[in-house]
There are 4 protein chains.
Amino acid sequence: MVDQASVWQGGIIGLVTTPSKNSSERRAHLVQLAGDLFAEKGFRATTVRNIAEAAGILSGSLYHHFDSKESIGDEILSAFLDDVLAGYRSAVASTDDPRKAIEEIVRSSTATLSRHRAALTMLQNDWSYFSAQPRFGYLRTAMKEIEQTWVEQLERGKQTGVFRADLDARLVYRLLRDILWIPTSWRPSKGAGWSTDEIVDGLLRLLFDGITA
Amino acid sequence: MVDQASVWQGGIIGLVTTPSKNSSERRAHLVQLAGDLFAEKGFRATTVRNIAEAAGILSGSLYHHFDSKESIGDEILSAFLDDVLAGYRSAVASTDDPRKAIEEIVRSSTATLSRHRAALTMLQNDWSYFSAQPRFGYLRTAMKEIEQTWVEQLERGKQTGVFRADLDARLVYRLLRDILWIPTSWRPSKGAGWSTDEIVDGLLRLLFDGITA
Amino acid sequence: MVDQASVWQGGIIGLVTTPSKNSSERRAHLVQLAGDLFAEKGFRATTVRNIAEAAGILSGSLYHHFDSKESIGDEILSAFLDDVLAGYRSAVASTDDPRKAIEEIVRSSTATLSRHRAALTMLQNDWSYFSAQPRFGYLRTAMKEIEQTWVEQLERGKQTGVFRADLDARLVYRLLRDILWIPTSWRPSKGAGWSTDEIVDGLLRLLFDGITA
Amino acid sequence: MVDQASVWQGGIIGLVTTPSKNSSERRAHLVQLAGDLFAEKGFRATTVRNIAEAAGILSGSLYHHFDSKESIGDEILSAFLDDVLAGYRSAVASTDDPRKAIEEIVRSSTATLSRHRAALTMLQNDWSYFSAQPRFGYLRTAMKEIEQTWVEQLERGKQTGVFRADLDARLVYRLLRDILWIPTSWRPSKGAGWSTDEIVDGLLRLLFDGITA
DNA sequence: AATGAATGAGTTTTCATTCAT
DNA sequence: CATGAATGAAAACTCATTCAT
């Protein structure tokens, strides 16, 4: 579709040299490039120059699209959390069975996370940097909702007897949330070829049944 | 012996103001301070000035003790890996039962990790930075040995029927190793008061049996 | 062509305020300024701030144009050696007479050297610094070619009887090369007004005939 | 005589634990070590730590013997110039023949210079550094006397017909003085085995007769 | 939209020097 | 005499950001 547009533009006007990509597309493309670098090296370790080079422009030119490096980070992080929370909410809304809810949370998380590798790396690597800034206050808010969702489902599962009664819900939440985030942070190259499905299934099996035969 | 000497000096001469603290102690103290900061903010995000300030000296003065920031990192990382590998080796040497070996690896890891929080944070946050430098080549070597140890025990467990035959040993290793490392990265303040033992038990229970009742 | 364009722009549009000065001109200007300082104080003794101040900018701004102080040095030194070697090669190619070849080498050297005072000072003052670095390996290579050229001409001159048979070619080369470089290192202010020609003539007369009447 | 003193001290007092090497010997030894390093790398490029390491002590300990790095330089430079001037004065006093006087100056210089390689390197490399400081004002004074001596002899030679009448005395002085200093700056390793005598003879022959057959 | 030049505050590191022990 | 810890000023370099063109 992008091509369609550019062909059309080129056809009529006949003077446009750099056709395609209107403003918001260009912007999205830059966020994408930045995100890839953030995922690879972390937010702080990635320089504005790195991003500009990846885009084939000079670093100063980035400031036509964003007013700061942090606003790129903001865009990535808030999009991620919106997506995560939407998944959690619909997972909880979809069923009354805590085990199914958790299974759904895991599945939705996995899908969401694979779309937001950069955001996760940023949270893991540079949490102390972001969480200290008022601008990123929504990070804490969102994390609280995530925790609440898990704990609620685990507690309900304990009450209905689906989960072991001796589980410490908050402890298990912390472990599970972080466990869930692990595969996302694996570099593509190092994954030895596991598909997302394989990883999710392995993870679910591990969570519910352990490794014992 | 150092204590003996200082007590004696203090007793007889009565002039010793600073209670001993010889050269290597001072150095170790500085490494400790640096490590705390690295654990909190990551290696790159911690400045030499931060470390010096924590020690109550000027940044340049640190170079009396270390020839670079990296050499502090080196000291922390290599001590950590030496410790981890020693634990793994003795765990494997202590038993023939793969399940016991893994249990032992987990227990030794937990003990080791709590002594080396800084190192772990550094590996997680700044792996791309360190692993790119020849100086830190031993990181890759050590990680390979760690992987091999896990995979061997898991495979043997599968053969003897202790573990499920359908486990993907490398996948499970990756998950388990990272899972094991999770609690260490939790900030003390955020742990809501879990003791190391509680965490280890929760973890082992989770690994072997899952969360299902 | 660049000139064409700018003239055209200036002519038609009449808006161009700064009379061209494109990127590479600015860069060349900075190299020139740096070279003057290097010639005056030596490479190591000249700080990046010195250079920046001479250019009326801040020291960090220099890194927009060069990626290190050494790369400025590199530019100056390699340009010098390229020039010297070109002169030597064409001197040798221009004649079969060793005496004429040497005379030509001296004349070309003098011309070259006056254009590269900075480079010469750098080689004399900071040779141990540069020659220790792989990056400046070409310095040794070039010096070898220079030596070979001199020695060859001197030897041929001895065989054809133009030069005294008892000359130690390498010793004379070392003396002559260094002698040749002397006047260049004289500060303009101290030269008491000798023209280049006067110096060259004095030098040649000295070389060929000595000071005796 | 120095030994006499220290033996005597040891004999009478009987408490001196590190016998030999009294204070001034130790000091002279340190100056020697420092000089070697200055000759090799230049004054500024040599660090106080370098010197201390060469002496097997810590950098701070040097300040028991000298109150600053510059005072070491001072010691080396003033000793050199005293020596040079003494040689020049006795050369001039020894004869009425300008040619013999110059020959004697050359011979005395060569002897002096070989004893003061460090000083010469320091003057050549770091002249701008030293000459800018009031403390080293004697450098300019001494250089003036050196120039005067040469010029006088050359002028007298021109009048008596020993030297060519068209010599520019100051120009020739500048050339000859610098020429004379050249071989001293040659690294021992690079000299390809020329003895001091060979070099002096080569030089004198070159000066008086040129290279022409 | 993009360039290219620059800023300014910050980074790691170096080094002569001081001083209590 | 020597050590070991520290200072403080300066070095080279980095980087997010600004802005005229």
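Below, read A as the first sequence line, B as the second, and so on, with proteins coming before strands; counting in each chain starts at 1.
Distance D/I57 CD1 to E/dA16 P: 14 Å, rounded to the nearest Å. Between the CZ atom of B/F66 and the P atom of E/dT13 there is a distance of 12 Å, rounded to whole Å. For the pair C/H29 NE2 and E/dA6 C1', the interatomic distance rounds to 15 Å; values are reported in whole Å. Distance CZ (A/F43) to P (F/dA16): 9 Å, rounded to an integer number of Å. Straight-line distance from the CG atom of A/D67 to the P atom of E/dA1: 15 Å, rounded to whole Å. Note: CG (C/L62) to P (E/dG4) measures 18 Å, nearest angstrom. Between the OH atom of A/Y129 and the P atom of F/dC15 there is a distance of 14 Å, rounded to whole Å. Remark: P of F/dT3 and CZ of B/R27 are 18 Å apart, rounded to the nearest angstrom.
Within the nucleic acid shown, D/T46 comes within 4.0 Å of sugar-phosphate atoms alone, with no base atom in reach, counting heavy atoms only. Nucleic acid contact class of D/L58 (heavy atoms, under 4.0 Å, all strands): base.
Here the two rings, on C/F43 and C/F130, have centers that are under 6.0 Å apart.
Phosphate contact (OP1/OP2 of F/dT7, side-chain N/O of B/S61, threshold under 4.0 Å): present. Between C/H64 and E/dA5, a side-chain N or O to OP1/OP2 separation shorter than 4.0 Å is present. At least one side-chain nitrogen or oxygen of D/R26 sits closer than 4.0 Å to the OP1 or OP2 atom of F/dA2.
Nearest to the side chain of A/S59, among F/dC15, F/dT17, E/dT11, sits F/dT17. Of the candidates F/dC13, E/dT12, E/dT18, E/dT18 carries the atom nearest the D/Y63 side chain, counting heavy atoms from C-beta on. Of the listed nucleotides (F/dA2, E/dT3, F/dC13), F/dC13 has the atom at the smallest distance from the side chain of C/S68. Side-chain proximity of B/K69 to the nucleotides E/dT13, F/dG8, F/dG4 is greatest for E/dT13. When distances run from any side-chain atom of C/H65 to the nucleotides E/dA6, F/dG4, F/dT7, the shortest one goes to E/dA6. Taking every side-chain heavy atom of A/V48 into account, F/dA16 is the closest of F/dA16, E/dA2, E/dT12.
D/L30 and D/A55 get closest at one heavy-atom pair: CD2-CB, 3.4 Å. Here the closest heavy-atom approach between residue B/A118 and residue B/I76 is recorded as CB-CG2, 4.3 Å. Residues C/E70 and C/F136 approach most closely at O-CZ, 3.7 Å, considering heavy atoms. The shortest non-hydrogen separation linking D/A52 to D/L62 is N-CD1, 3.9 Å.
Here F/dA10 sits opposite E/dT13 as a Watson-Crick or G-U wobble pair (both hydrogen-bonding atom distances under 3.5 Å). In this entry F/dT21 has E/dA2 as its Watson-Crick or G-U wobble partner, both defining distances falling under 3.5 Å. The base-pairing partner of E/dG8, taking Watson-Crick or G-U wobble contacts with both distances under 3.5 Å, is F/dC15.
Residues C/R49 and B/G60 each lie close to DNA chain F; by heavy-atom proximity, the contact nearer the 5' end of the strand is made by B/G60. With the nearest nucleotide of DNA chain F identified for both A/T47 and C/E70, C/E70 has the one nearer the 5' end.
Here the rule is side-chain hydrogen bond (donor to acceptor under 3.5 Å, both in side chains) with A/K41, and of A/N125, A/T121, A/N50 only A/N50 fits it.
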